[in-house]
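This chain uses plain numbering: 1 for the first residue, then up along the sequence. Side chains included, hydrogens not; waters and symmetry mates left out as well; all remaining heavy atoms used. In this text, all values refer to a predicted model and were calculated from it rather than measured experimentally. All ligand and atom numbering here is 1-based and tracks the order in the structure.
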Amino acid sequence: MRIKAQISMVMNLDKCLGCHTCSITCKNAWTNRKGTEYMYFNNVETRPGVGYPRGWEKQDEWKGGWTLDDKGRLKLRAGGKVERFIKLFYNPDQPGMDDYYEPWTYDYDKLTSAGRKAHQPVARPRSLVTGERMDISWGPNWDDDLSGAQYARADVDLIAANAQGAQIKMDMEDLFMRYLPRTCNHCLNPACVAACPSGAIYKRDEDGVVVISQDACRGWRACVPACPYKKVYYNWETNKSEKCTFCFPRLESGMPTVCSDTCVGRIRYMGVLLYDMDKVEAAASTEDPRQIWRAIKDVLADPTDPAVIESARANGVADSWIDAAQHSPVYKLIKEWGLALPLHAEYRTLPMVWYIPPMSPILSRVAATANLAQADEMRIPVAYLAELFSAGDPEPVRAVINRLVAVRTHMRAKEVGAPEPEAEFAPEVLDEMYRLLAIAKRPDRFNIPAAADMTRAERLQAQREFGFCTSCAEGGFDA
Ligand code: SF4
Ligand code: SF4
(Lines give C-alpha, C1' and ligand atoms only; values in the text may rest on other atoms or scores of the structure.)
(Ligands and ions follow the chains in the order given, each with its own letter.)
Protein backbone atom coordinates (compact mmCIF):
# COMPACT_ATOMS: atom_id res chain seq x y z
CA MET A 1 0.00 0.00 0.00
CA ARG A 2 1.31 3.46 -0.97
CA ILE A 3 -1.09 6.15 0.17
CA LYS A 4 -1.04 9.60 -1.42
CA ALA A 5 -3.34 12.63 -1.17
CA GLN A 6 -5.47 14.12 -3.93
CA ILE A 7 -7.56 17.28 -3.99
CA SER A 8 -10.86 16.36 -5.56
CA MET A 9 -14.15 17.96 -6.56
CA VAL A 10 -17.77 16.80 -6.69
CA MET A 11 -20.48 18.71 -8.59
CA ASN A 12 -24.16 18.31 -7.78
CA LEU A 13 -25.78 18.63 -11.19
CA ASP A 14 -29.29 19.11 -9.83
CA LYS A 15 -28.23 22.52 -8.57
CA CYS A 16 -26.42 23.85 -11.63
CA LEU A 17 -28.20 26.91 -13.04
CA GLY A 18 -26.22 27.12 -16.26
CA CYS A 19 -25.27 30.68 -15.33
CA HIS A 20 -21.64 30.28 -16.54
CA THR A 21 -20.33 32.33 -13.61
CA CYS A 22 -17.73 29.62 -13.03
CA SER A 23 -16.46 29.89 -16.61
CA ILE A 24 -16.28 33.66 -16.49
CA THR A 25 -14.50 33.93 -13.15
CA CYS A 26 -12.04 31.26 -14.31
CA LYS A 27 -11.52 33.12 -17.57
CA ASN A 28 -10.87 36.38 -15.76
CA ALA A 29 -8.40 34.68 -13.44
CA TRP A 30 -6.49 32.51 -15.90
CA THR A 31 -7.20 32.93 -19.62
CA ASN A 32 -7.69 36.62 -20.33
CA ARG A 33 -4.48 36.97 -22.34
CA LYS A 34 -3.64 36.96 -26.03
CA GLY A 35 -3.55 33.41 -27.36
CA THR A 36 -5.95 32.15 -24.70
CA GLU A 37 -9.16 33.67 -26.05
CA TYR A 38 -10.71 30.32 -27.01
CA MET A 39 -9.59 28.52 -23.84
CA TYR A 40 -12.22 27.58 -21.28
CA PHE A 41 -10.47 25.76 -18.45
CA ASN A 42 -13.99 25.57 -17.02
CA ASN A 43 -16.93 25.39 -19.42
CA VAL A 44 -20.60 24.60 -18.95
CA GLU A 45 -22.33 22.48 -21.58
CA THR A 46 -26.04 22.08 -22.23
CA ARG A 47 -26.96 18.40 -22.46
CA PRO A 48 -28.03 16.92 -24.75
CA GLY A 49 -25.62 18.82 -26.97
CA VAL A 50 -22.25 18.52 -28.66
CA GLY A 51 -20.14 20.18 -25.95
CA TYR A 52 -16.92 22.13 -26.27
CA PRO A 53 -14.89 21.53 -28.33
CA ARG A 54 -17.55 20.18 -30.66
CA GLY A 55 -18.01 16.43 -30.24
CA TRP A 56 -15.17 16.04 -27.70
CA GLU A 57 -16.49 12.64 -26.64
CA LYS A 58 -15.89 11.01 -30.03
CA GLN A 59 -12.80 9.09 -28.96
CA ASP A 60 -12.80 6.98 -32.14
CA GLU A 61 -12.07 10.23 -33.92
CA TRP A 62 -9.78 12.00 -31.43
CA LYS A 63 -7.98 8.93 -30.05
CA GLY A 64 -8.02 10.38 -26.53
CA GLY A 65 -7.47 8.50 -23.26
CA TRP A 66 -6.39 4.90 -22.79
CA THR A 67 -7.38 1.53 -24.14
CA LEU A 68 -6.19 -2.05 -23.48
CA ASP A 69 -3.89 -3.98 -25.79
CA ASP A 70 -4.29 -7.67 -26.68
CA LYS A 71 -2.66 -8.68 -23.41
CA GLY A 72 -4.96 -6.44 -21.34
CA ARG A 73 -2.24 -3.84 -20.72
CA LEU A 74 -2.90 -0.13 -20.79
CA LYS A 75 -1.88 1.78 -23.90
CA LEU A 76 -2.63 5.28 -25.08
CA ARG A 77 -5.30 5.34 -27.76
CA ALA A 78 -3.00 7.71 -29.65
CA GLY A 79 -0.74 4.69 -30.31
CA GLY A 80 2.69 3.42 -29.32
CA LYS A 81 5.89 5.47 -29.06
CA VAL A 82 6.77 5.29 -32.76
CA GLU A 83 3.26 6.23 -33.92
CA ARG A 84 3.15 9.11 -31.46
CA PHE A 85 6.60 10.29 -32.53
CA ILE A 86 5.48 10.44 -36.16
CA LYS A 87 2.34 12.31 -35.15
CA LEU A 88 4.46 15.04 -33.55
CA PHE A 89 5.05 16.38 -37.05
CA TYR A 90 1.54 15.87 -38.40
CA ASN A 91 -1.31 14.79 -36.17
CA PRO A 92 -4.67 14.23 -37.91
CA ASP A 93 -6.32 13.74 -34.49
CA GLN A 94 -5.55 17.30 -33.43
CA PRO A 95 -8.69 19.43 -32.93
CA GLY A 96 -8.70 22.50 -35.15
CA MET A 97 -10.18 25.96 -34.93
CA ASP A 98 -13.49 24.72 -36.42
CA ASP A 99 -13.85 22.29 -33.51
CA TYR A 100 -13.39 25.15 -31.05
CA TYR A 101 -14.34 28.43 -32.70
CA GLU A 102 -12.68 31.45 -34.20
CA PRO A 103 -12.57 33.93 -31.31
CA TRP A 104 -13.93 37.35 -32.05
CA THR A 105 -14.55 40.74 -30.58
CA TYR A 106 -16.75 43.63 -31.76
CA ASP A 107 -15.94 47.00 -33.26
CA TYR A 108 -16.97 48.68 -30.01
CA ASP A 109 -15.02 51.77 -30.96
CA LYS A 110 -17.48 52.39 -33.81
CA LEU A 111 -20.26 52.97 -31.30
CA THR A 112 -18.59 56.06 -29.89
CA SER A 113 -16.36 57.30 -32.70
CA ALA A 114 -18.68 57.10 -35.76
CA GLY A 115 -19.61 60.46 -37.23
CA ARG A 116 -23.17 61.81 -37.45
CA LYS A 117 -25.22 59.50 -39.73
CA ALA A 118 -28.83 58.68 -40.54
CA HIS A 119 -28.58 55.27 -38.78
CA GLN A 120 -27.18 54.17 -35.46
CA PRO A 121 -23.65 52.77 -35.68
CA VAL A 122 -23.29 48.99 -35.30
CA ALA A 123 -20.53 47.06 -33.52
CA ARG A 124 -19.71 44.34 -36.04
CA PRO A 125 -17.78 41.19 -35.14
CA ARG A 126 -14.08 41.07 -35.90
CA SER A 127 -11.80 38.01 -35.71
CA LEU A 128 -9.26 38.07 -32.89
CA VAL A 129 -7.03 35.84 -35.00
CA THR A 130 -6.92 37.66 -38.35
CA GLY A 131 -8.29 41.04 -37.30
CA GLU A 132 -10.71 40.83 -40.25
CA ARG A 133 -14.47 41.23 -40.11
CA MET A 134 -16.24 37.88 -39.85
CA ASP A 135 -19.67 36.25 -39.87
CA ILE A 136 -20.23 34.30 -36.68
CA SER A 137 -21.62 30.82 -37.17
CA TRP A 138 -20.34 28.89 -34.13
CA GLY A 139 -19.09 29.62 -30.62
CA PRO A 140 -18.37 27.89 -27.32
CA ASN A 141 -21.98 28.05 -26.10
CA TRP A 142 -23.72 28.05 -29.45
CA ASP A 143 -26.01 25.20 -28.43
CA ASP A 144 -26.71 26.66 -24.97
CA ASP A 145 -30.20 25.95 -23.64
CA LEU A 146 -31.05 23.67 -26.59
CA SER A 147 -30.73 26.48 -29.06
CA GLY A 148 -30.82 23.99 -31.89
CA ALA A 149 -32.34 20.50 -31.79
CA GLN A 150 -29.78 19.41 -34.41
CA TYR A 151 -27.04 19.83 -31.79
CA ALA A 152 -29.02 17.83 -29.22
CA ARG A 153 -29.53 15.06 -31.79
CA ALA A 154 -25.77 14.98 -32.47
CA ASP A 155 -25.00 14.30 -28.78
CA VAL A 156 -22.75 11.24 -28.69
CA ASP A 157 -24.31 9.95 -25.46
CA LEU A 158 -27.83 10.39 -26.78
CA ILE A 159 -26.95 8.45 -29.92
CA ALA A 160 -25.33 5.70 -27.82
CA ALA A 161 -28.32 5.47 -25.47
CA ASN A 162 -30.72 5.22 -28.42
CA ALA A 163 -28.52 2.53 -29.94
CA GLN A 164 -29.11 0.56 -26.73
CA GLY A 165 -32.87 0.92 -27.30
CA ALA A 166 -33.57 3.95 -25.09
CA GLN A 167 -35.79 5.71 -27.69
CA ILE A 168 -35.22 9.14 -26.15
CA LYS A 169 -37.98 11.53 -27.20
CA MET A 170 -36.98 14.67 -29.06
CA ASP A 171 -40.34 16.46 -29.30
CA MET A 172 -40.12 19.87 -27.67
CA GLU A 173 -42.67 19.01 -24.97
CA ASP A 174 -40.85 15.79 -24.04
CA LEU A 175 -37.30 17.02 -24.37
CA PHE A 176 -35.07 17.16 -21.29
CA MET A 177 -32.18 19.51 -20.62
CA ARG A 178 -29.41 19.73 -18.03
CA TYR A 179 -26.10 21.50 -17.60
CA LEU A 180 -22.74 19.80 -17.36
CA PRO A 181 -19.92 22.00 -16.01
CA ARG A 182 -16.49 20.60 -16.88
CA THR A 183 -12.93 21.25 -15.77
CA CYS A 184 -9.75 19.21 -16.02
CA ASN A 185 -10.31 16.12 -13.87
CA HIS A 186 -6.78 16.03 -12.41
CA CYS A 187 -6.83 12.34 -13.17
CA LEU A 188 -4.95 9.66 -11.24
CA ASN A 189 -3.85 8.10 -14.55
CA PRO A 190 -3.61 11.19 -16.78
CA ALA A 191 -3.24 10.51 -20.51
CA CYS A 192 -1.93 14.06 -21.03
CA VAL A 193 1.06 13.35 -18.76
CA ALA A 194 1.84 10.05 -20.50
CA ALA A 195 1.63 11.60 -23.97
CA CYS A 196 3.91 14.59 -23.31
CA PRO A 197 7.29 13.97 -25.01
CA SER A 198 8.97 16.80 -23.05
CA GLY A 199 7.94 15.69 -19.56
CA ALA A 200 6.41 19.15 -19.12
CA ILE A 201 3.10 17.92 -17.66
CA TYR A 202 3.25 16.44 -14.21
CA LYS A 203 1.04 15.50 -11.29
CA ARG A 204 2.03 17.39 -8.17
CA ASP A 205 3.14 15.01 -5.48
CA GLU A 206 1.58 16.95 -2.61
CA ASP A 207 -1.99 17.41 -3.89
CA GLY A 208 -2.36 15.51 -7.18
CA VAL A 209 -2.98 18.65 -9.23
CA VAL A 210 -1.90 18.16 -12.88
CA VAL A 211 0.00 21.16 -14.22
CA ILE A 212 2.08 22.09 -17.27
CA SER A 213 5.51 23.63 -16.73
CA GLN A 214 5.58 26.58 -19.11
CA ASP A 215 9.39 26.45 -19.03
CA ALA A 216 9.57 22.80 -20.06
CA CYS A 217 6.72 22.78 -22.63
CA ARG A 218 8.07 22.64 -26.18
CA GLY A 219 4.67 23.05 -27.87
CA TRP A 220 4.50 19.56 -29.39
CA ARG A 221 0.76 19.49 -28.58
CA ALA A 222 0.65 15.71 -28.03
CA CYS A 223 -1.31 16.39 -24.84
CA VAL A 224 -4.20 18.12 -26.64
CA PRO A 225 -5.63 15.07 -28.46
CA ALA A 226 -4.41 12.68 -25.72
CA CYS A 227 -6.72 14.21 -23.10
CA PRO A 228 -10.06 12.50 -23.75
CA TYR A 229 -11.87 15.40 -22.06
CA LYS A 230 -10.12 17.94 -24.34
CA LYS A 231 -9.02 20.01 -21.39
CA VAL A 232 -5.56 20.94 -22.63
CA TYR A 233 -5.38 23.95 -24.95
CA TYR A 234 -2.61 25.24 -27.17
CA ASN A 235 -1.70 28.90 -26.79
CA TRP A 236 -1.04 30.17 -30.32
CA GLU A 237 0.74 33.25 -28.98
CA THR A 238 3.28 31.58 -26.66
CA ASN A 239 3.36 28.24 -28.59
CA LYS A 240 2.88 26.32 -25.35
CA SER A 241 0.01 24.26 -23.96
CA GLU A 242 -2.06 25.38 -21.00
CA LYS A 243 -4.68 23.79 -18.80
CA CYS A 244 -6.71 24.17 -15.61
CA THR A 245 -4.40 24.43 -12.61
CA PHE A 246 -7.14 23.71 -10.03
CA CYS A 247 -6.19 27.25 -8.88
CA PHE A 248 -3.25 25.74 -6.96
CA PRO A 249 -2.13 29.09 -5.49
CA ARG A 250 -5.55 29.32 -3.86
CA LEU A 251 -5.43 25.67 -2.73
CA GLU A 252 -2.08 26.34 -1.10
CA SER A 253 -3.76 29.03 0.99
CA GLY A 254 -6.56 26.68 1.99
CA MET A 255 -9.09 28.13 -0.45
CA PRO A 256 -11.17 26.36 -3.10
CA THR A 257 -10.80 26.98 -6.83
CA VAL A 258 -12.27 30.23 -8.10
CA CYS A 259 -14.98 28.34 -10.09
CA SER A 260 -16.06 26.60 -6.87
CA ASP A 261 -15.92 29.70 -4.72
CA THR A 262 -18.02 31.79 -7.07
CA CYS A 263 -20.48 29.06 -8.05
CA VAL A 264 -23.90 30.65 -7.78
CA GLY A 265 -25.75 27.35 -7.42
CA ARG A 266 -23.27 26.18 -4.74
CA ILE A 267 -23.06 22.90 -6.62
CA ARG A 268 -19.36 22.32 -5.96
CA TYR A 269 -17.67 20.50 -3.11
CA MET A 270 -13.92 20.21 -2.66
CA GLY A 271 -11.80 18.20 -0.27
CA VAL A 272 -9.01 15.68 0.16
CA LEU A 273 -9.09 12.03 -0.85
CA LEU A 274 -6.46 9.51 0.14
CA TYR A 275 -5.74 6.87 -2.48
CA ASP A 276 -3.55 3.84 -2.90
CA MET A 277 -1.04 4.41 -5.69
CA ASP A 278 -0.39 0.67 -5.92
CA LYS A 279 -3.98 0.11 -7.10
CA VAL A 280 -4.07 2.78 -9.79
CA GLU A 281 -2.76 0.73 -12.73
CA ALA A 282 -4.97 -2.26 -11.98
CA ALA A 283 -8.05 -0.01 -11.69
CA ALA A 284 -7.30 1.69 -15.00
CA SER A 285 -6.78 -1.73 -16.61
CA THR A 286 -10.14 -3.12 -15.45
CA GLU A 287 -11.34 -5.19 -18.37
CA ASP A 288 -15.05 -4.35 -18.23
CA PRO A 289 -15.48 -0.60 -18.90
CA ARG A 290 -18.70 -0.67 -16.86
CA GLN A 291 -16.76 -1.68 -13.76
CA ILE A 292 -14.07 1.01 -13.91
CA TRP A 293 -16.00 3.53 -11.79
CA ARG A 294 -16.25 0.85 -9.08
CA ALA A 295 -12.52 0.11 -9.39
CA ILE A 296 -11.73 3.82 -8.90
CA LYS A 297 -13.75 3.80 -5.70
CA ASP A 298 -11.65 0.86 -4.50
CA VAL A 299 -8.50 2.91 -5.10
CA LEU A 300 -9.79 5.52 -2.62
CA ALA A 301 -8.68 4.62 0.89
CA ASP A 302 -10.51 4.92 4.21
CA PRO A 303 -8.81 7.90 5.94
CA THR A 304 -9.70 6.54 9.40
CA ASP A 305 -8.01 3.18 8.82
CA PRO A 306 -4.81 3.07 10.96
CA ALA A 307 -2.87 1.23 8.21
CA VAL A 308 -3.88 3.90 5.69
CA ILE A 309 -2.83 6.69 8.08
CA GLU A 310 0.52 5.01 8.70
CA SER A 311 1.20 4.61 4.98
CA ALA A 312 0.09 8.19 4.28
CA ARG A 313 2.53 9.51 6.90
CA ALA A 314 5.29 7.31 5.50
CA ASN A 315 4.63 8.85 2.07
CA GLY A 316 4.91 12.39 3.37
CA VAL A 317 1.20 13.24 3.75
CA ALA A 318 0.96 15.84 6.52
CA ASP A 319 -1.33 15.25 9.50
CA SER A 320 -3.40 18.28 8.52
CA TRP A 321 -4.14 16.57 5.19
CA ILE A 322 -5.08 13.30 6.87
CA ASP A 323 -7.36 15.32 9.16
CA ALA A 324 -8.87 17.02 6.10
CA ALA A 325 -9.40 13.65 4.41
CA GLN A 326 -11.26 12.46 7.52
CA HIS A 327 -13.58 15.48 7.24
CA SER A 328 -13.81 15.56 3.47
CA PRO A 329 -17.22 16.35 1.93
CA VAL A 330 -15.97 14.75 -1.26
CA TYR A 331 -15.14 11.44 0.46
CA LYS A 332 -18.61 11.39 2.00
CA LEU A 333 -20.36 12.01 -1.33
CA ILE A 334 -18.29 9.55 -3.34
CA LYS A 335 -17.41 6.77 -0.98
CA GLU A 336 -19.56 6.79 2.13
CA TRP A 337 -22.91 7.65 0.56
CA GLY A 338 -22.29 6.54 -3.04
CA LEU A 339 -23.94 9.64 -4.49
CA ALA A 340 -21.32 10.68 -7.05
CA LEU A 341 -20.00 9.04 -10.21
CA PRO A 342 -17.07 9.90 -12.51
CA LEU A 343 -17.55 11.33 -16.00
CA HIS A 344 -16.70 8.73 -18.66
CA ALA A 345 -14.65 6.43 -16.46
CA GLU A 346 -14.27 4.23 -19.55
CA TYR A 347 -11.56 6.62 -20.79
CA ARG A 348 -9.42 4.96 -18.08
CA THR A 349 -7.74 8.16 -16.85
CA LEU A 350 -9.33 7.77 -13.36
CA PRO A 351 -10.84 11.27 -13.14
CA MET A 352 -10.91 13.02 -9.76
CA VAL A 353 -13.83 15.34 -10.50
CA TRP A 354 -17.06 13.43 -9.84
CA TYR A 355 -20.72 14.25 -10.41
CA ILE A 356 -23.99 13.72 -8.60
CA PRO A 357 -26.31 12.86 -11.50
CA PRO A 358 -29.40 15.07 -11.79
CA MET A 359 -32.82 13.78 -10.87
CA SER A 360 -35.64 15.19 -12.91
CA PRO A 361 -38.14 18.03 -13.13
CA ILE A 362 -40.99 15.59 -12.52
CA LEU A 363 -39.51 14.27 -9.30
CA SER A 364 -42.40 15.59 -7.20
CA ARG A 365 -44.61 12.77 -8.43
CA VAL A 366 -42.08 10.15 -7.45
CA ALA A 367 -41.39 11.73 -4.07
CA ALA A 368 -45.08 11.96 -3.31
CA THR A 369 -45.62 8.27 -3.88
CA ALA A 370 -42.35 7.38 -2.13
CA ASN A 371 -41.79 4.72 -4.72
CA LEU A 372 -38.05 4.47 -5.13
CA ALA A 373 -38.21 2.26 -8.19
CA GLN A 374 -39.42 4.95 -10.58
CA ALA A 375 -36.09 6.40 -11.71
CA ASP A 376 -36.74 5.09 -15.21
CA GLU A 377 -39.96 7.04 -15.54
CA MET A 378 -38.23 10.35 -14.93
CA ARG A 379 -37.91 12.87 -17.67
CA ILE A 380 -34.12 12.72 -17.84
CA PRO A 381 -33.58 9.22 -19.20
CA VAL A 382 -31.42 7.01 -16.98
CA ALA A 383 -30.00 5.46 -20.15
CA TYR A 384 -28.62 8.87 -21.14
CA LEU A 385 -27.08 9.57 -17.73
CA ALA A 386 -25.61 6.07 -17.77
CA GLU A 387 -23.71 6.89 -20.97
CA LEU A 388 -22.17 9.88 -19.20
CA PHE A 389 -21.44 8.39 -15.81
CA SER A 390 -21.26 4.60 -15.91
CA ALA A 391 -20.22 3.51 -19.41
CA GLY A 392 -23.83 2.74 -20.33
CA ASP A 393 -24.71 0.64 -17.26
CA PRO A 394 -27.99 2.05 -15.88
CA GLU A 395 -27.71 0.35 -12.46
CA PRO A 396 -25.19 2.73 -10.77
CA VAL A 397 -27.19 5.79 -11.93
CA ARG A 398 -30.46 4.21 -10.80
CA ALA A 399 -28.91 3.49 -7.38
CA VAL A 400 -27.76 7.13 -6.98
CA ILE A 401 -31.14 8.53 -8.04
CA ASN A 402 -32.95 6.24 -5.63
CA ARG A 403 -30.70 7.50 -2.81
CA LEU A 404 -31.43 11.11 -3.78
CA VAL A 405 -35.15 10.33 -3.88
CA ALA A 406 -34.81 8.71 -0.44
CA VAL A 407 -33.44 12.00 0.95
CA ARG A 408 -36.42 13.89 -0.51
CA THR A 409 -39.03 11.42 0.72
CA HIS A 410 -37.41 11.38 4.17
CA MET A 411 -37.53 15.18 4.39
CA ARG A 412 -41.10 15.21 3.10
CA ALA A 413 -42.11 12.62 5.69
CA LYS A 414 -40.57 14.84 8.38
CA GLU A 415 -42.27 17.98 7.12
CA VAL A 416 -45.79 16.62 6.62
CA GLY A 417 -45.71 13.92 9.28
CA ALA A 418 -46.06 11.10 6.75
CA PRO A 419 -44.75 7.63 7.61
CA GLU A 420 -41.01 7.27 7.08
CA PRO A 421 -40.40 5.18 3.93
CA GLU A 422 -37.97 2.30 4.08
CA ALA A 423 -34.53 3.41 2.94
CA GLU A 424 -30.97 2.16 2.60
CA PHE A 425 -29.69 4.75 5.11
CA ALA A 426 -30.73 5.57 8.68
CA PRO A 427 -32.82 8.76 9.17
CA GLU A 428 -29.86 10.59 10.81
CA VAL A 429 -27.70 9.86 7.77
CA LEU A 430 -30.46 11.09 5.43
CA ASP A 431 -30.59 14.29 7.54
CA GLU A 432 -26.84 14.70 7.11
CA MET A 433 -27.12 14.09 3.36
CA TYR A 434 -29.86 16.72 3.14
CA ARG A 435 -27.71 19.26 4.98
CA LEU A 436 -24.69 18.73 2.76
CA LEU A 437 -26.65 18.55 -0.50
CA ALA A 438 -29.14 21.33 0.11
CA ILE A 439 -28.11 23.88 2.72
CA ALA A 440 -24.40 23.41 3.42
CA LYS A 441 -22.40 26.55 4.13
CA ARG A 442 -18.98 27.29 2.74
CA PRO A 443 -16.90 25.53 5.45
CA ASP A 444 -18.93 22.35 4.94
CA ARG A 445 -18.65 22.39 1.15
CA PHE A 446 -14.91 23.04 1.07
CA ASN A 447 -12.30 21.53 3.32
CA ILE A 448 -8.93 22.39 1.82
CA PRO A 449 -5.87 22.15 4.04
CA ALA A 450 -3.40 24.97 3.43
CA ALA A 451 0.12 24.07 2.36
CA ALA A 452 1.27 24.94 5.89
CA ASP A 453 0.74 22.05 8.29
CA MET A 454 -2.34 23.14 10.27
CA THR A 455 -5.38 21.22 11.45
CA ARG A 456 -8.76 22.40 10.21
CA ALA A 457 -9.56 24.05 13.54
CA GLU A 458 -6.24 25.94 13.49
CA ARG A 459 -6.82 26.99 9.88
CA LEU A 460 -10.32 28.29 10.58
CA GLN A 461 -8.93 30.20 13.55
CA ALA A 462 -6.11 31.68 11.43
CA GLN A 463 -8.57 32.67 8.69
CA ARG A 464 -10.79 34.36 11.24
CA GLU A 465 -7.80 36.16 12.69
CA PHE A 466 -6.04 37.28 9.53
CA GLY A 467 -8.84 36.95 6.96
CA PHE A 468 -8.48 36.60 3.22
CA CYS A 469 -10.22 38.73 0.65
CA THR A 470 -13.83 39.41 1.60
CA SER A 471 -15.28 37.02 -0.95
CA CYS A 472 -12.97 34.20 0.04
CA ALA A 473 -12.62 34.37 3.82
CA GLU A 474 -14.31 31.70 5.86
CA GLY A 475 -17.37 33.47 7.22
CA GLY A 476 -17.29 35.59 4.07
CA PHE A 477 -20.13 36.31 1.69
CA ASP A 478 -21.99 33.06 1.95
CA ALA A 479 -20.95 31.38 5.18
S1 SF4 B 1 -8.71 15.64 -17.68
FE2 SF4 B 1 -6.88 16.84 -17.08
S3 SF4 B 1 -5.50 15.37 -16.02
FE4 SF4 B 1 -7.09 14.17 -17.11
S5 SF4 B 1 -6.09 13.66 -19.06
FE6 SF4 B 1 -7.27 15.58 -19.41
S7 SF4 B 1 -5.86 17.28 -19.01
FE8 SF4 B 1 -4.91 15.39 -18.19
S1 SF4 C 1 -21.41 28.90 -11.47
FE2 SF4 C 1 -22.23 26.99 -10.58
S3 SF4 C 1 -24.42 27.11 -11.03
FE4 SF4 C 1 -23.44 28.59 -12.42
S5 SF4 C 1 -23.01 27.38 -14.30
FE6 SF4 C 1 -21.17 27.25 -13.02
S7 SF4 C 1 -21.41 25.32 -11.89
FE8 SF4 C 1 -23.46 25.88 -12.68
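- A salt bridge links K4 with D205: the closest approach of a Lys/Arg side-chain nitrogen to an acidic carboxylate oxygen falls below 4.0 angstrom.
- For the pair R204 and E252, the salt-bridge criterion is met [side-chain N within less than 4.0 Å of a carboxylate O].
- Sorted by first then second residue, the salt bridge (Lys or Arg N to Asp or Glu O under 4.0 Å) pairs that include residues 209-223, not counting sequence neighbours, number zero.
- Closer than 2.8 Å to atom 4 (Fe) of ligand 2 sit the protein N, O or S atoms C19 SG.
- Close contacts between ligand 2 and R268 involve ligand atoms 7 (S) [criterion: under 4.0 Å to a heavy atom].
- With respect to the salt-bridge test (charged N to carboxylate O, under 4.0 angstrom), the residues D98 and R54 do not qualify.
- A salt bridge is defined here as a Lys NZ or Arg NE, NH1 or NH2 lying under 4.0 Å from an Asp or Glu carboxylate O, and R47 with D157 meets this definition.
- Any protein N/O/S atom under 2.8 Å from atom 8 (Fe) of ligand 1 was counted, giving 1 altogether.
- Sorted by first then second residue, the salt bridge (Lys or Arg N to Asp or Glu O under 4.0 Å) pairs that include residues 268-277, not counting sequence neighbours, number zero.
- With salt bridges taken as basic N to acidic carboxylate O contacts below 4.0 Å, one links E395 and R398.
- In this structure, R403 fails the cation-pi test against W337, since its NZ or CZ atom is not both closer than 6.0 Å to the six-membered ring centre and inside 45 degrees of the ring normal.
- Put simply, no part of M11 is less than 4.0 Å from ligand 2, judged by heavy atoms.
- Residues Y384 and F176 place their aromatic rings such that the two centres sit under 6.0 Å apart.
- A salt bridge does not link K27 with E37: none of the charged nitrogens is closer than 4.0 Å to a carboxylate oxygen.
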